[in-house]
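The structure appears right after this line, and notes come after that.
Lettering follows sequence order; numbering is per chain, from 1. Being a predicted model, the structure only gives us computed values, none of them experimental.
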Amino acid sequence: MIGLSKKLMLIDGNSIAYRAFFALPLLNNDKGIHTNAIYGFTTMLMKLLDEEKPTHLMVAFDAGKTTFRHKTFEDYKGGRQKTPPELSEQFPFIRDLLDAHNIKYYELDQYEADDIIGTLSTQAEKDGFETVVISGDKDLTQLASEKIRVDITKKGITDLEKYTPSHIEEKYGLTPDQIIDMKGLMGDSSDNIPGVPGVGEKTAIKLLKQFGTLENVLNSIDEVSGKKLKEKLEENKQLAEMSKKLATITRTAPVTVKLDELEKQEVNYDKLTKLYKELGFNSLLDKLDGEEEEIELKDIEWEEVTDFKDGDLPSHAELYVELYDVNYHTADILGISVHADKKTYFISPENAAKSEVFKKWIEDENVTKSVYDAKESIVAFDRLGMHLKGIDFDLLIASYVIDASEAADDFASIAKRHGADAVPTDESVYGKGAKKKVPEKNELMQHTARKAATIHAIKETCISALEKNEQLELFEKLELPLAAVLAEMERTGVQVDIDRLKDMGVELKKKLEEIQSDIYRIAGEEFNINSPKQLGVILFENLKLPVLKKTKTGYSTSADILEKLKPEHEIIEHILLFRQLGKLQSTYIEGLLKVIHDDSNKIHTRYNQVLTQTGRLSSTDPNLQNIPIRLEEGRKIRQAFVPSEKEWVMFAADYSQIELRVLAHISDDEGLKEAFHKGMDVHTKTAMDVFGVAKENVTSGMRRHAKAVNFGIVYGISDYGLSQSLDITRKEAADFIKKYLDSYPKVKEYMDDIIHEAKQKGYVETLLHRRRYIPEITSRNFNLRGFAERTAMNTPIQGTAADIIKKAMIEMAERLKAENLQTRMLLQVHDELIFECPKDEIEKLEQIVPEVMESAVELSVPLKVDYSYGSTWYDAK
DNA sequence: TAGGGCACGC
DNA sequence: GACGTACGTGCCCTAG
C-alpha cells in the first residue's frame, strides 16, 4: 500500500456527544426527544468529513461503567456527575446517525474510548496511515506523533485545537509522552485522578523539563528545589505512580476491528433522510438534497412524435403526464410520455390533443396503462379532452399502499426506493422558488420520458411486494378505482355563492373593526392582536394577568389558556371573539374566494390519496374537510356552498359513530356491541357502563366525560390528552380510562393484543389489509413507545373506518351510474359524503345512499347512516 | 423563506 | 422515572 495516502479519523464518541450536549441549548423535536447532542454531533461530523476527508474512520464509545482502571483505583472517575437522562436518550440516535452514514462504531468491555483510539492509532501509524483523533479530552494529546494529530475541542464544538508534537512543545515545552507524566504529577480532577497534592500544571512542567520523566523526578527528589515540594513528592510517590498509570492510554487493548474494515463507505441517503425527518433536522435535510443530486444519470432513449399511427401504440404501455405545478387542475401541461414495448415516445400536449389515434387509445378501456398518480393523470387528460381509461397500475399509490410512512415527495424518491435507475428530482430539473423555470426542450423530454420508462422498470417489483403483503386487492379493488372516483369529484367541483361569501366578509370586517377598537381601548394602546408575541406583552406584562403556560418562544395565548383567564379581565372575551372571527375572515372568506375558478364559480379541491398514515384522505387548495360547523357563526360559511344547477339540492350523508362501531366489531366486546344493536346513544351507554348507573341517572356531565373518553379511544389520545380536553388532572383521566377498560374487558383485551402483535410483526393492519409499520413500538424511549402503542391501538380503528368509506364511495359512484342518476358526488369529509342532486332524485337517494354506505362491509354490528338535504350545505343538516 | 403559534375539522 | 403526548391544512407573524 504505497503511494496512496491513507487517512484515518478516530472520534471519541462519548466525549464529543458530551461537548455537543453542553454547548447547545436543550433543543427538542416535535416528539419530545431532545436533539441537541445529536444535532451538535451531526454538524461536527459533517464539518470534519468535509475538512479532513478521511479515507478511513471510526467512532469509539466508552463501554459500561467499570474499566480495567478501576482495578488500579476503585475511585477512578468517582464523583463524576451521572450522565443526564436528556443526554443518554440521545445516544441511540447518534448510533442511528452513524449507521446511516455507514460509519463503524466500536466499544470494548472494560476499556474506554481512549484505549480503543490509542490502540488503533498506534496500529495505523505502523501501517503508514496519517491519523486524526477528535476528542474533548486533553488526555488524548499523549497520542500525538508525527503521524498522529490530536484535535481537542476548544470553545463550543467546532472550534478545535490541533495538537501535534510541535504544538505541545510550544505550549508546554514537553513531548507528547511527557503529557502522561504531567498527569501523574498534577492529576486530573475530571477523572478523579489524584496526582501529587499541591502540584499543578506549572510545577509539573518545571519538574519534567528538569528531569524528563516522572520516574526520574521520583528518583531524584533530593535534587528538587523547594523543601515543601520535596516533602510532597516523597509522601506521594505511590500516588504519583498510580496516577501516571491511570492516565496512560493503553496501546494494546484487545480491539478486534481491523483497519481496512474502517474504510469510508457511501452514505445511505434514504436512512439519513428518514432519520433527519424524524429528528426534525430540516436545515440538514436541505443540504442532503443538494448532495444527492450528484448521483450519476444514464441518459435514456426517446423519440419525439407529433402524432401516432395505428399500430404504434400497443395494448399495454406506461404513461406519464408532466405538469409544471402540483395543482393539476390549473397547471400547464408540459408533455406526455408513453413507454410502449421497448420504445419511449414524447408528445407535446398540443399534438396529443389533436391526435385521433392517441385519443382513441387513451380512451380504450382494453388498453392497459400503468401510470404514476392516476388521479392527476385522469384530470390532466380530461383537460385535454380525453377520458383516460384502463389504468391497471399506479406507482404512486402502490408505493403508498406498500409503506405510507415513506413520504411521497416526488417521483425521484419513489423510483429510488424501489430500486430504479436514478431519476432527477423535479426540483433539480425546474429549480425552486423564484428560480423555477421550464428547462430547455431536450431536458424536458428526457425527464418526462424517463418517468414513463421508470414506471415500466419497477412495476413488477411493486406488484410482488403488494402480493407478498396480501395487499393486491386493496390496491386494485379499492385505491385504484377510488382514484378515478376522486378525480371525477374534484373535476366536478362544488359551486360557491360568491356574493354570499362577500357579504359575510363585509359584515365580518365591520365586526372585526369594532372588536379591534374595543381591544385597543381596553388595552390603552394599539398593537397587533394577531401577534402572539405582542398580545403576550399586553396581557401578561401590561395587564399583569397570571401566566398559566409558556411556549418555546414566550407566553401561551392559546384559546384554552385564554378561556381560563376570562374571569380575570374583560379584554379576554374580545380577544377570543377577534380570533374566532379573524379565522373565519382570513381562512374561510378570503381563503375560499382566492381559489374559486372564475369561469365557473366553482371550487376544485385536491384530495391527497397518498399522505395519511391511517388511510384517510386529506384535502388541499382549499381544504374542504375543515369547513366550520361547531359554532354557528362559522357554520354559516356552509351557506355559500350551493348546488351547481337550478332547482337542485345539497344532500349530505354521514356514518354515525363509525369508529366506535369498528371498535365494537374488532374487539367483539358484548357491552359495546349492545349499544349499537339496540340503537342506543353510545356516549350515554358508555356513561351508564363506566359510572354504573341507569340510563335515567346519566347526567350531562357524565355523558360529556364518557364522550371525551370515546373520543380519546378513537383518536388514540393519552391520559394527558384526555385530561386536557376535560380540564381534569392526569390521574383522574387515567382513572377514567381504566374504568372504561374495566367496563369493556374485550376492548382492553384488544388493546393489549394489538400492542403485542405490533411488537411481533412490526406493523398493524386494517380490515382491508392496509398496513402501518410502527418500529418505535420497541423503543426504549418512554415517549416514543407511548406514541407507538397508541398508534397501534388507534390505526386499525381509524384506518378501517377509512377503508369502509372509500369502498362506499366506489360503490356509490357505480350505483349512481347504474341507476342513470344525475346526482353527483362532490365531497368526502372522513365519515361523510356530500352530493348535489335534482329534487326529483332526492327520494331515490334517501333509499340508495344509506343502503350503499351501510352495506359497504359487513361487521358484527350494524353500520348506520344519517342523511339530510337542503338548498345549501348549511341546510343539509 | 422557514418555523412557530394558533385554529378549524374529524 | 423520564417528558411530552391523535392528524392534517392554512393563516399570520417573526427572524433570518
Side-chain angles (χ1 to χ4, degrees), chain A residues 26 28-34 84-89 280 282-283 285-286 432-434 528-536 549-562 575-576 579-592 594-595 605-608 611-631 634-635 637-638 654-655 657-659 711-725 730 733 780-791 793-795 797-799 801-802 805 828-832:
Chain A
L26 201 57
N28 42 344
N29 74 348
D30 56 358
K31 287 175 189 133
I33 306 161
H34 295 100
E86 294 87 350
L87 172 57
S88 39
E89 73 182 20
N282 295 313
S283 57
L285 271 176
D286 290 347
K432 71 167 175 178
N528 187 343
I529 308 168
N530 280 322
S531 160
K533 197 178 161 192
Q534 295 181 36
L535 179 61
K549 193 176 144 196
K550 293 199 121 196
T551 65
K552 223 179 278 182
T553 50
Y555 311 107
S556 170
T557 65
S558 60
D560 58 322
I561 298 298
L562 294 188
I575 290 167
L576 283 166
R579 281 249 181 94
Q580 190 202 326
L581 300 185
K583 174 82 179 175
L584 292 180
Q585 182 77 299
S586 66
T587 303
Y588 297 106
I589 304 287
E590 291 166 6
L592 286 174
K594 260 186 258 176
V595 292
T605 187
R606 277 160 22 244
Y607 290 102
N608 195 333
L611 186 136
T612 71
Q613 303 303 304
T614 54
R616 275 188 172 185
L617 300 174
S618 78
S619 153
T620 48
D621 290 329
N623 182 352
L624 289 181
Q625 294 183 318
N626 72 345
I627 302 300
I629 189 165
R630 235 177 63 251
L631 301 170
R635 190 173 197 155
I637 298 284
R638 294 178 177 228
D654 68 294
Y655 281 108
Q657 302 298 346
I658 186 166
E659 283 98 349
F711 176 85
I713 297 285
V714 166
Y715 287 110
I717 65 171
S718 59
D719 51 4
Y720 177 84
L722 181 64
S723 75
Q724 291 295 298
S725 70
R730 224 188 86 192
R780 280 87 52 214
N781 183 294
F782 176 82
N783 246 336
L784 285 185
R785 198 176 59 246
F787 256 125
E789 288 176 354
R790 294 201 299 278
T791 301
M793 297 186 273
N794 160 250
T795 297
I797 301 172
Q798 206 184 110
I805 192 161
Q828 188 252 44
V829 190
H830 307 307
D831 64 353
E832 183 183 7

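When the C1' atom of C:dT5 is taken as reference, atom CG of A:Asp719 falls 9 Å away, rounded to whole Å. One can place CZ of A:Arg606 at 14 Å from C1' of C:dG8, the figure rounded to the nearest angstrom. One atom, CZ of A:Arg730, and another, C1' of C:dG1, lie 11 Å apart when rounded to the nearest Å. With rounding to whole Å, A:Gln798 atom CD is found 10 Å from C:dC7 atom P. Here C:dA2 presents its P atom at 15 Å from OH of A:Tyr720, a figure rounded to the nearest Å. To the nearest angstrom, C1' of C:dG4 lies 9 Å from CZ of A:Phe782.
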Sugar-phosphate means primed atoms, P, OP1 and OP2; the rest is base. With that split, encode nucleotides 10-16 of chain C 5' to 3' as B, S or - using protein heavy atoms under 4.0 Å.
BSSSSS-
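Summarising the geometry, atom CD1 belonging to A:Ile627 is positioned 7.0 Å from atom CZ belonging to A:Arg638; distances are rounded to the nearest 0.5 Å. Here CD1 of A:Ile713 is found 7.5 Å from CE of A:Met793. Values are rounded to the nearest 0.5 Å. From A:Thr620, atom OG1 reaches atom CG of A:Leu611 across 9.0 Å, with rounding to the nearest 0.5 Å. To the nearest 0.5 Å, atoms CD1 (A:Ile658) and CD1 (A:Ile797) are separated by 12.0 Å. Taking CD1 of A:Ile637 as the start and OH of A:Tyr588 as the end, the distance is 8.5 Å to the nearest 0.5 Å.
Between the side chain of A:Thr605 and the main chain of A:Pro622, a donor-acceptor pair closer than 3.5 Å is present. Under the 3.5 Å distance criterion, the side-chain polar atoms of A:Thr557 are left unmatched by any main-chain donor or acceptor of A:Pro532. A donor-acceptor distance shorter than 3.5 angstrom exists from the side chain of A:Gln625 to the backbone of A:Gln828, with no hydrogens or angles considered. For the pair A:Arg616 (side chain) and A:His830 (backbone), a donor-acceptor distance under 3.5 Å is absent. Between the side chain of A:Ser725 and the backbone N or O of A:Leu722 there is at least one donor-acceptor pair closer than 3.5 Å. A donor-acceptor distance shorter than 3.5 angstrom exists from the side chain of A:Asn794 to the backbone of A:Val714, with no hydrogens or angles considered.
A:Glu89 has no carboxylate O lying under 4.0 Å from a charged side-chain N of A:Arg785, or vice versa, which leaves the two without a salt bridge.
Here A:Leu584 lies out of heavy-atom contact (under 4.0 Å) with every strand. Within 4.0 Å (heavy atoms only), A:Ser556 reaches sugar-phosphate atoms of the nucleic acid but no base atom. Contacts of A:Glu89 with the nucleic acid, taken as non-hydrogen atoms under 4.0 Å apart, are absent. Note on A:Arg579: only backbone sugar-phosphate atoms sit closer than 4.0 angstrom, heavy atoms only; bases stay farther off. Contacts of A:Ser618 with the nucleic acid, taken as non-hydrogen atoms under 4.0 Å apart, involve only primed sugar atoms and P, OP1 or OP2. Across all strands shown, A:Val829 has heavy atoms under 4.0 Å from sugar-phosphate atoms exclusively, and none from any base.
The C1' atoms of B:dA7 and C:dA6 are separated by 16 Å, rounded to the nearest whole Å. When the P atom is compared between B:dC6 and C:dC3, the two are found 23 Å apart, to the nearest whole Å. With P as the reference atom, C:dA2 and B:dC8 are 34 Å apart, rounded to whole Å.
The minimum heavy-atom distance linking A:Arg730 with A:Asp719 is given by the pair NE-OD2, 3.6 Å.
A nucleotide of DNA chain B counts as in contact with chain A when one of its atoms lies under 4.0 Å from a heavy atom; the first and last such, 5' to 3', are B:dG3 to B:dC10.
Comparing A:His34 and A:Ile717 by the nucleotide of DNA chain C that holds the closest heavy atom to each, the one mapping nearer the 5' end is A:His34. Both A:Asn794 and A:Glu86 sit near DNA chain C, but only A:Glu86 has its closest nucleotide nearer the 5' end.
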Base-pairing string, 5' to 3', of DNA chain C - Watson-Crick or wobble, under 3.5 Å, | interstrand
......|||||||||.
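Closest to the side chain of A:Asn783, out of C:dG4, C:dA6, C:dG8, is C:dG4.
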